[in-house]
Amino acid sequence: MSSILARTLEPDPEIEQEWVDEIKRREKEIKAGTTKMISQEEFEQHLKELRELYQKGKKENRS
């Protein structure tokens with residue numbers, strides 16, 4: 001394995017800590033009820049709508 005590839009596969013402690021902090025923040029929001037949980041279906045529908053808006057914006061910018 002090349003040294004470049006090996007370095008990219010090694011966990012970065014700073015990034016790992018940022019993920020831990022983010023997970024803890026989100027967990028607190030869920031427990032406090034300050035964030036709205038959505039189903040996977042709702043999430044996928046939201047992504048579909050965002051993609052459609054993005055594509056529409058790209059088409060409008062070409063004109």
Side-chain angles (χ1 to χ4, degrees):
M1 182 182 307
S2 75
S3 62
I4 293 173
L5 180 57
R7 283 191 302 243
T8 62
L9 297 176
E10 292 175 13
D12 181 324
E14 185 176 325
I15 293 173
E16 293 292 317
Q17 186 58 52
E18 288 177 17
W19 274 112
V20 169
D21 295 344
E22 180 67 14
I23 291 166
K24 287 179 180 179
R25 182 187 66 78
R26 291 182 185 199
E27 182 180 38
K28 285 179 186 176
E29 290 176 350
I30 292 167
K31 287 182 178 179
T34 58
T35 192
K36 179 185 173 201
M37 300 291 290
I38 61 172
S39 68
Q40 181 173 344
E41 291 81 15
E42 289 173 298
F43 175 73
E44 289 170 356
Q45 180 61 34
H46 181 66
L47 283 180
K48 180 181 175 186
E49 292 167 3
L50 287 174
R51 284 187 196 111
E52 289 169 357
L53 285 171
Y54 175 74
Q55 290 300 324
K56 181 180 176 185
K58 282 178 57 176
K59 288 178 185 175
E60 290 175 357
N61 285 337
R62 286 188 216 155
S63 328

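Worth knowing before you read on, the calculation uses all heavy atoms, side chains too, and leaves out hydrogens, waters and symmetry mates. Please read all numbers here as calculations on a predicted model, not as lab measurements.
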Next item on the list: Give the intermediate values and the outcome of salt bridge (Lys or Arg N to Asp or Glu O under 4.0 Å) for residues K48 and E44.
Entry: CA-CA 6 Å; K48 180 181 175 186; E44 289 170 356; over 6 Å; no
What's the verdict on side-chain contact (heavy atoms from CB on, under 4.5 Å) for T35 and R26, showing C-alpha distance, side-chain angles and the deciding distance? CA-CA 8 Å; T35 192; R26 291 182 185 199; over 6 Å; no
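Listed by chain and number, the residues in a side-chain contact (heavy atoms from CB on, under 4.5 Å) with E18 are E14 (sequence neighbours excluded). Scanning for side chain to side chain donor-acceptor pair (under 3.5 Å) contacts around Q17 gives D21, with sequence neighbours left out. Residues satisfying the side-chain contact (heavy atoms from CB on, under 4.5 Å) test with F43, not counting sequence neighbours, are I38, L47.
Within 6.0 Å of CD in Q40 there are 12 or fewer heavy atoms belonging to other residues, nucleotides or ligands.
Considering CD of E27 and CD of E22, their distance stands at 12.0 Å, rounded to 0.5 Å.
Looking only at atom types and distance, the side chain of E41 has no donor-acceptor partner in the side chain of Q45 under 3.5 Å away.
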